[in-house]
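Presented below is the structure to which this report refers.
When reading the values below, keep in mind they use all heavy atoms of this one structure, side chains included, and skip hydrogens, waters and symmetry mates. As the structure is a prediction and not an experimental result, all values here were calculated from the model.
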Amino acid sequence: IDIHPGGEEPNPAAEATRPFEIPLGALIPADADNLLAAAKNIGTTHITNGAYRLHPVEWNIGETAGYLAAYCLQTEKTPATIRNTPGLLRRFQGVLAAAGIPLFWFVDVPVEHPSFVAIHRLAALGILPGDAKVDPAARELTFQPDQPADLACLDSWLDKSRRLFPELGLDELAREALARELFPNGKLYKELLPEELAKPLTRGELAERLYGALLPTLESLEMTEAGN
């Protein structure tokens, strides 16, 4: 954060901040339907503007505003409607991730990483990171996508999926079926996963498999919520 003083305020503050995201609503004026903020002119405060006005954030805002304008034309919806309709908002987040625009603050998942879309979309959905007791990504700014996966993290991610999206029907039987799909060669539970596979799955690969398994139901839910 880099805050410039105003008037007789004390010296500017330049400090590291906690991670933050950019609310889509901050780009959308409250009293205009066909106008989007596309740089440092988003809805913010004097203090938080010290972070949102920095160049990398501005670039993210500008890219997102451009894609949002195109998405509005494609769907014939207003920006506010997309922002306020969970299904449309999630589908738009998918457009951004597919275009290589980060949705989350994992600093070790660059756009060229093969698991970029899956990790960022699951994070935007709130499924990642998992419980801080078992998932290091909940305690750091990194996801560690190339480290071996483990079942404790899978259970944590599935638990968040179940709580956030009860429509997925991830009860215990569904969890077992999903786990068998994710790990067709493993016994899944008490045994250590890496010993049951020819090559241990990485955390990124696990995120891809989970995303792929949940995507059809999520897309169906998104279309229902979007009224399509």
Is [Y] reachable from [X] through a run of hydrophobic residues whose side-chain heavy atoms are each under 4.5 Å from the next?
X	Y	value
Leu122	Leu141	yes
Leu158	Val134	no
Leu24	Leu35	no

For this session: Give a yes/no verdict on a cation-pi contact between Arg203 and Phe143, requiring under 6.0 Å between NZ or CZ and the six-membered ring centre and an angle within 45° of the axis.
Result: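 Verdict for Phe143: a cation-pi partner in Arg203.
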Exercise. Measuring from Ile42:CD1 to Asn49:CG, what's the distance to the nearest 0.5 Å?
Worked result: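 Reported to 0.5 Å precision, the distance equals 7.5 Å.
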Between [X] and [Y], what is the shortest heavy-atom contact and its length?
X	Y	answer
Gln93	Arg121	C-NE, 4.3 Å
Leu206	Asp150	CD2-O, 4.4 Å
Arg83	Leu89	O-CD2, 3.9 Å
Ala38	Ile61	C-CG2, 3.6 Å

Got a donor-acceptor contact below 3.5 angstrom from the [X] side chain to the [Y] backbone?
X	Y	answer
Thr64	Asn60	yes
His120	Ala97	no
Thr202	Pro148	no
Lys160	Pro129	yes
Arg139	Ala132	yes
Asp108	Gln144	yes
Asn41	Ala39	yes
Thr75	Tyr71	yes
Thr48	Thr45	yes

For this session: List the steps and the verdict of side-chain contact (heavy atoms from CB on, under 4.5 Å) for Val117 and Tyr211.
Result: CA-CA 9 Å; Val117 171; Tyr211 177 63; 4.3 Å; yes
Problem set entry | Parallel, tilted or perpendicular, as decided by the 30° and 60° cut-offs, for the rings of Trp59 and His55 |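 Because their plane-to-plane angle is under 30°, the rings of His55 and Trp59 count as parallel.
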Problem set entry | Parallel, tilted or perpendicular: ring planes of Phe20 versus Tyr52, cut at 30 and 60 degrees |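 Taking Tyr52 first and then Phe20, their aromatic rings stand perpendicular (interplane angle over 60°).
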Problem set entry | Leu73 atom CG: more than 12 heavy-atom contacts under 6.0 Å |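 More than 12 heavy atoms, drawn from other residues, nucleotides or ligands, come within 6.0 Å of this atom.
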Problem set entry | Pair Asp135-Trp157, side-chain donor/acceptor within less than 3.5 Å |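 Present: a donor and an acceptor within the cut-off.
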Problem set entry | Stepwise side-chain contact (heavy atoms from CB on, under 4.5 Å) test for Cys72 and Ile82 | CA-CA 8 Å; Cys72 288; Ile82 292 171; 3.6 Å; yes
